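No experiment lies behind these values; they were computed from the predicted model shown. Quick note: numbers below take in every heavy atom, side chains included, and nothing from hydrogens, waters or symmetry partners.
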Amino acid sequence: MIARVIVDVPSRATDRPFDYKIPENLNGWVEVGSRVGVPFGGRVLQGFVVGLAPYADVDVKKLKPIAELLDHLPPLSPDLVELARWVSEKYCCPWTTALQVMIPAALKGKADSVVSLSEEEECSEERTGFLTEESEPWFQYIRNNGEVRLALLQERFPEAAAGIKAAIRRGTLREEISIRDRLKVRKVWTVFPPEDTAAAEAALASASSRAAKQQEAARYILDNPEPIPLAALAQALSTTTGTIRGAADKGWLTIREMEQQRDPYAGRGFKRTEPLPLMEGQQTVYNEIAEALDNEAARVFLLHGVTGSGKTEVYLQTIDRCLKAERQAIVLVPEIALTPQMVERFKGRFGDSVAVLHSRLSSGERYDEWRKIREGRAEVAVGARSAVFAPFRRVGLIIIDEEHESSYKQEESPKYHARDVAVQRAKQHQAVVVLGSATPSLESFVAASASRSQEGTASANGSAKQGATLLPMPERVAGRPLPKVHLVDMRDELKGGNRSMFSRQLHEALLQRLERGEQSVLLLNRRGYSTFVMCRSCGYTAQCPHCDISLTFHQKSKALRCHYCGHAEQAPTACPSCESEHIRFFGTGTQRVEEELAKLFPGIRVIRMDVDTTTEKGSHEKWLTMFGERKADVLLGTQMVAKGLDFPYVTLVGVIAADTSLHLPDFRAAEKTFQLLTQVAGRAGRHELPGEVIVQTYNPEHYAIISAQRHDYASFAQEELKHRRFMAYPPFCRLILVTLSHEQLALVYAEGEKLASTLRDLARSAGVRGSDEGDGSRFIDILGPVASPIPRMKDRYRFQCMIKYRGNVGASELLGQAISLLSGANGQPPVTMSVDVDPQMIL
DNA sequence: AGCACGCCGACT
DNA sequence: GTCGGCGTGCTC
């Protein structure tokens with residue numbers, strides 16, 4: 001058999017399988033999904049086996065053999081390899097890039113060289129003076145140490161690089177290249193019972209009163225023969241590791257290094273919980289999902305439940321049902337919501353069979369959790385976006401909580417959306433997808449409405465064949481009312497002479513909470529909030545010299561920085577343009593609010609959560625714990641305070657400026673604003689104390705804000721869909737954005753023109769209509785090229801083309817073909833092209 | 001991505 | 001006459 005291998009070179013020219021012979025000794029071991037090291041163009045690279053074929057099918061003569069197999073158990077299964085191919089086509093990225101996101105970073109092997117003296121040289125040691133290298137210090141070093149890593153040799157003898165290279169070429173040195181994982185297996189000294197228990201028992205019985213602590217240690221391990229980490233035992237017996245090593249020397253116990261399975265949640269002791277009785281609303285929903293699970297039907301459900309309607313309990317019980325059928329479950333949660341409380345709920349119900357995957361784990365921890373899944377020791381994976389690729393054998397259920405969250409979209413290549421990948425993966429496994437949200441994305445909502453009603457909104461989504469099923473959960477579990485939301489018109493405040501960022505009503509409400517000892521959450525909707533530098537005399541603003549964007553002022557370092565390229569410079573004391581000293585720096589939005597709070601409410605205790613204060617590992621949790629312990633009166637933050645928090649003493653939620661995100665040049669601006677407001681409103685009064693929400697706005701008549709105030713998703717969706725249809729935006733069409741960038745302006749524009757015309761030609765010959773006739777039928781329209789919203793970034797000019805289409809027109813394939821046609825001999829187009837597929841709801 | 005092959009300028 | 005510039009082309 002020969003193996004078809006995708007090598008780890010992310011370029012268009014190498015984005016196809018290369019064939020290799022499977023050496024005799026690896027016969028039967030190499031499978032689809034295996035990770036291998038292969039010789040490729042004079043070096044050894046990591047690759048994935050994506051297919052096996054009989055010898056007869058290829059020209060065997062020019063084949064090289066696979067150099068090595070990197071894992072005993074293939075890290076990927078054939079269905080994941082297939083899914084990777086789907087991702088690569090859908091999102092226009094190399095196959096290897098898609099394969100790479102499916103495995104933990106620890107397995108991203110790199111080639112590593114080991115050199116040693118070749119055999120003849122070793123034998124001829126006595127032939128002193130024969131070789132010119134012989135007197136070289138590095139030669140002696142290799143002779144003394146045997147096999148030496150080339151990297152180490154270069155480090156130790158940096159000036160000898162040429163000599164070493166020559167020796168390898170001449171054959172004096174033998175070089176062996178292999179792939180090494182970036183993996184450090186953590187080893188821990190561990191205490192075991194002695195080799196000879198009987199002898200130890202006897203020795204203990206007759207031992208003198210000396211070495212009492214050593215005897216104690218020996219006694220312990222004989223009575224509790226479970227291996228225990230050395231440090232832990234020393235601590236338990238309040239002695240030192242040295243003492244216990246003494247006992248080991250006497251043969252009373254054994255100490256060995258053992259590989260430790262990192263368990264980031266070790267020692268937390270999760271309390272097991274039992275399924276709660278479901279309320280009527282929950283039961284109906286559960287029954288529908290359970291039926292689909294039992295029938296192994298690839299169905300998609302949209303669980304539209306208001307905050308507090310008990311979605312999580314439904315998740316837990318459907319997972320249980322899935323596990324009983326010996327299929328595994330994946331739960332996706334937004335990165336930000338993956339809090340210890342969240343994990344606790346799953347570990348509490350399913351114990352050790354839960355694997356947790358998120359970005360804050362170290363690469364080793366992540367690898368261990370992943371391996372738990374791969375080796376079948378876990379049946380439930382809870383994690384962020386990439387957990388959709390959890391290497392389960394039989395996936396029965398994929399739950400996506402808060403499905404509307406934008407964090408399900410990956411910003412780097414492959415720019416996939418976890419929701420769309422989940423639907424695809426579910427098709428492979430005949431699995432059920434459950435999308436949960438209080439404020440569903442309009443894509444999902446429309447897809448789910450299609451099955452309910454025959455109204456036009458639905459049929460407009462061209463390729464919705466059977467659609468998704470809407471499962472409404474309009475009731476809150478304990479019957480608690482949703483909090484009252486007050487809108488404050490900030491224009492009236494201004495008219496009334498209040499120029500502060502706090503309205504009188506919010507000021508009053510905050511004061512009240514302080515007096516009562518209750519807590520408040522303040523949200524600064526920071527999107528669109530600028531932190532730029534401006535001269536009040538001449539209007540000068542500081543711009544990045546490499547990007548067409550304003551520089552951002554950072555209070556901490558007193559520096560001006562560019563968000564996009566990282567350029568930093570000292571903040572000026574006078575205006576560089578007019579030399580006026582009336583130059584103002586605005587700190588980050590939250591900092592300004594914090595300062596104003598301190599001014600208005602002396603002694604107020606504020607926790608500020610934003611990018612500046614939560615970058616450190618664990619800081620996020622730390623602040624929330626502090627707030628939970630009522631060590632602060634106010635939790636002030638951006639988006640991140642809107643999600644998943646649940647504190648009993650929070651009775652006030654204030655939104656400083658609801659509209660900052662409303663007028664962004666983004667067709668989803670209203671949707672995002674509505675979602676944010678609805679979510680943050682749900683943070684108040686979740687327990688006995690009633691909650692109140694104050695929303696400050698300059699647009700109190702905007703439907704996104706009014707609907708959020710009334711907790712009315714349906715009317716928001718109706719209004720927003722009207723706009724989307726009128727403007728011909730998703731979900732009434734689909735979008736792919738191609739951004740081209742290069743140092744030379746003329747070249748980017750020219751390539752943009754070429755791309756657009758190539759695409760139009762391709763579409764025409766594929767027989768797809770070129771414009772939207774408004775009748776819901778399929779079309780593909782290519783817009784642009786036009787300058788990007790940020791026309792220059794990192795000294796590169798940027799243009800974009802937009803592909804707007806509806807129905808199954810193979811847009812990604814056409815784009816892939818077009819890029820290939822524009823590509824030169826190196827397989828790459830002359831300018832950089834980045835493809836961004838707008839999140840869809842592919843059914 | 002790397003690395004080789006290949007065809008034109010400034011050095012021994 | 002050679003060393004080396006980086007433009008095309010290939011890697012099983």
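- You can see that DNA chain C meets the heavy atoms of chain A within a 4.0 Å-exclusive cut from C/dT8 to C/dC12, reading 5' to 3'.
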Q) Which parts of nucleotides 2-7 of chain B does protein reach within less than 4.0 Å, heavy atoms only, written one letter per nucleotide 5' to 3' as B for base, S for sugar-phosphate only and - for none? A) S-----
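- Under the side-chain hydrogen bond (donor to acceptor under 3.5 Å, both in side chains) criterion, A/Glu405 pairs with A/Lys643, not counting sequence neighbours.
- Inspection of the A/Gln328 and A/Arg393 side chains reveals no N or O donor paired with an N or O acceptor under 3.5 Å.
- Side chains of A/Thr552 and A/Leu560 form no contact here, defined as non-hydrogen atoms less than 4.5 Å apart.
- As judged by a 4.0 angstrom heavy-atom cut-off over every strand, A/Pro39 is placed among residues touching the sugar-phosphate backbone only.
- A salt bridge links A/Lys409 to A/Asp836: one of the charged nitrogens lies within less than 4.0 Å of a carboxylate oxygen.
- Take A/Ala750 and apply the side-chain contact (heavy atoms from CB on, under 4.5 Å) test, not counting sequence neighbours, and it matches no residue.
- When heavy atoms are screened at a 4.0 angstrom cut-off, A/Phe40 is found touching base atoms of the nucleic acid.
- The minimum heavy-atom distance between A/Asp79 and A/Gln428, with the atom names listed, is O-NE2, 3.0 Å.
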Could you pull out all donor-acceptor pairs under 3.5 Å where a side-chain atom in residues 31-50 of chain A meets a protein atom, sequence neighbours excluded?
{"from": "A/Ser34", "atom 1": "OG", "to": "A/Glu31", "atom 2": "N", "distance (Å)": "2.9"}
{"from": "A/Ser34", "atom 1": "OG", "to": "A/Glu31", "atom 2": "O", "distance (Å)": "3.1"}
{"from": "A/Arg35", "atom 1": "NE", "to": "A/Asp71", "atom 2": "OD1", "distance (Å)": "2.9"}
{"from": "A/Arg35", "atom 1": "NH1", "to": "A/Gln46", "atom 2": "OE1", "distance (Å)": "2.9"}
{"from": "A/Arg35", "atom 1": "NH1", "to": "A/Leu107", "atom 2": "O", "distance (Å)": "2.6"}
{"from": "A/Arg35", "atom 1": "NH1", "to": "A/Asp181", "atom 2": "OD1", "distance (Å)": "2.9"}
{"from": "A/Arg35", "atom 1": "NH2", "to": "A/Asp71", "atom 2": "OD2", "distance (Å)": "2.9"}
{"from": "A/Arg35", "atom 1": "NH2", "to": "A/Asp181", "atom 2": "OD1", "distance (Å)": "2.9"}
{"from": "A/Arg35", "atom 1": "NH2", "to": "A/Asp181", "atom 2": "OD2", "distance (Å)": "3.1"}
{"from": "A/Gln46", "atom 1": "OE1", "to": "A/Gly109", "atom 2": "N", "distance (Å)": "2.7"}

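- At the heavy-atom level, A/Arg12 lies nowhere under 4.0 Å from the strands shown.
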Acceptor/donor pairs from residues 811-820 of chain A side chains to any protein atom, 3.5 angstrom cut, sequence neighbours excluded:
{"from": "A/Ser812", "atom 1": "OG", "to": "A/Lys90", "atom 2": "O", "distance (Å)": "2.9"}
{"from": "A/Ser820", "atom 1": "OG", "to": "A/Arg12", "atom 2": "NH1", "distance (Å)": "3.4"}
{"from": "A/Ser820", "atom 1": "OG", "to": "A/Gly816", "atom 2": "O", "distance (Å)": "3.2"}

